[in-house]
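Structure record follows, encoded as structure tokens.
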Amino acid sequence: MQSSFPPGGNDTSTGLPHEPNTEPPDVIEVIASTDGEHSAIEASTASTHQFSDCPRSRPEKNRDLKYETQLYTSQNKAKQHLPTGPASYVMFSFIILVFLVNSLQAQTSYALTPYVVSEFESHSLLSIITIVTSLLSGVLQIPAAKTLDIWGRAEGFAVMVVISMLGNILMAVCENIQTYFIAQCFSYVGANGMMYALTVVVADSSAMENKGIAFALVNFPYLATSFAGPALAQEIFDTIGFRWFFGLFAMIMPVLSLPVSGLLFCCQRKAKKQGLTCRPESERSIFQSLTHYFVEFDAVGVLLGFIALTLFLLPFSLTGPAGHAWDSPVTVIMLVVGTGLLAAFTMWESFSARSPYVPFHLLKTPSIMGAALATGSLFGAYYCWEGYFTSYLQVVRGLDIAESGYIGNIYNTAGTGWALLIGILIKVSGHYKWLGYASLALLAVGGAMMLLFRQADTGTGSIVMCQIFVSLGGGSLYICGQMAALAVAEQEQTAAIVALMYLASAIGGGVGGALAGAIWSNTVPQELTRLLPDESREMVAEIYGNLDGQLEYGFESPIRSALIEAYSIAQFRLCLAATAILVIAFIGVVMWKDVSVKKTEQAEGGVVS
């Protein structure tokens, strides 16, 4: 499940002056504007925002973060400076193309991952990889948001392309699970970072009432790749193998990203020539600059948060008959250290950080806090539902990679198409909260049906129906959550809000992955030990850790029968946990303020309460 949220941006709680807060034009209006109109607007904007008193350099010893915020807030419109006329068609087309290819890689990789980790006899580690990659990607989105606001959209996007490329290269050459694990972190962070940067660009250019439609449009490629990805994965598995796949995409993605990067850099350069930017020369030394950005990006908070959450959540996936016991020294140490670091992280962010990693001033707004809760719980439920779902379809239902991928991707397929309709409904009605409640109803119905139908004796059609219900509910709640947060924030906080939603989705995904891993590792091995024939019980660890090996047993085999029963019990417990998590989503939706997006004027100097 791809996330399209973010947080970051300028801290309006400092009371610094802001530019007049006007709503940006709609994407469609930008594309439709003429060159003549654009020239007139440029001339007017340039004359209004010239910085005649721009300082030649920063104060040599002034590292006050308010100074940096004030300086770069004045450049916010320049960072959002996008092309119009024919160039806008080119820009938006290449953004859609990047989303398309990135989602194709994600869908194909999703289908191949169980076989990649099984090659290293580590199928049970799927949840651990999910936890770490999700958390790492999420905690880095807020620093990424600051990068986009301070350095620019173009620079942030280019950095993420490079990180994604490095991840693909490492996956292509990996020889063990440790290298693959590191490669996944690079690839996941880079790919999500690219999508985040482009989501901010789209949000910058959209009017409030049209943001839902814009977000749905850029995710529309998932409709195609949800079918193409599994089929491509099957072909790759049967022919060239996963290494060539990742090697090819290490070259394809940077090449396809060049036009978008080039257009963004050209727009920023044009804005600079028009006098829209004010970037004084720095007199800081290299060491002073490193120290400054170490503080500005709250490196201590980022590391504390990531390590604390990882150490706290991993033991849930590592325990069980096939792993460590709950009272083992490793488990106890990880839980104790993780809990202690979470407390240290809270204290640091509350009292010591000069530029706090977590934007508490945003979370004090009920609508934004509610949106974060709804988003996080949605992703938590998703990872419980989907963590081992394709493996279940292949072992219990006998489907191949492509067929299981098609069913597994219904969430993205139906949810993406439905999200566009939700965006239109928000634009027409001007409200989103009622759609949030409707989304929860669909999720509740779909989750309850999963408890009944993810068993060995039910038809595959029933499982597909369940997937459709939760995908429609999830797609709706995803869009409405973003709208609930953005509707009460000012324009300069767009990057911060989007990053905050990414962080919420990452934490929710990490918690969901941890629950899925705990349930899986404490159910499947235990049930296999109970159900396997006496002569096969010493093979539990070997059978449990290798999906490819599990599929070699025929349906008439007692080992396959034991696997089917164990998988069905595990799926029931996973679906039960996912449905319970949705209670938090309900609380989040109740907290939303039902703002009319047609009448909302984003407040100048603070969040609309």
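Basis for what follows: all heavy atoms, side chains included, without hydrogens, waters or symmetry-related copies.
The CD atom of Gln184 sits 12.5 Å away from the OG1 atom of Thr179 when rounded to the nearest 0.5 Å. The distance from the CE atom of Met347 to the OG atom of Ser352 is 7.5 Å, given to the nearest 0.5 Å. Rounding to the nearest 0.5 angstrom, the gap separating the CD1 atom in Ile169 from the CZ atom in Phe249 is 14.5 Å.
Side-chain N or O atoms of Ser103 include one that pairs as donor or acceptor with a backbone N or O of Leu100 at under 3.5 Å. Put simply, the side chain of Thr375 gets close to the backbone of Ala371: a donor and an acceptor are under 3.5 Å apart. The backbone N or O of Ala183 sits nowhere less than 3.5 Å from a side-chain atom of Ser187 that would complete a donor-acceptor pair. Between the side chain of Ser367 and the backbone N or O of Val488, no donor-acceptor pair lies under 3.5 Å. Checking side-chain atoms of Arg354 against main-chain N and O of Asp298 turns up no donor-acceptor pair under 3.5 Å. Proximity of a side-chain donor or acceptor of Thr108 to a complementary backbone N or O of Leu104 within less than 3.5 Å is detected.
No more than 12 heavy atoms of other residues, nucleotides or ligands shown are found within 6.0 angstrom of CZ on Phe94.
Below 30°, between 30° and 60°, or above 60°: for Phe246 and Phe242 the angle between ring planes is above 60°, a perpendicular geometry.
The minimum heavy-atom distance between Met501 and Ala485, with the atom names listed, is CE-CB, 4.3 Å. Of all heavy-atom pairs spanning Phe265 and Ala158, the tightest one is CE1-CB, 4.4 Å. Val101 and Met253 get closest at one heavy-atom pair: CG1-SD, 3.3 Å. The two residues Ala191 and Asn102 come nearest to each other via the heavy atoms CB-OD1, 3.3 Å.
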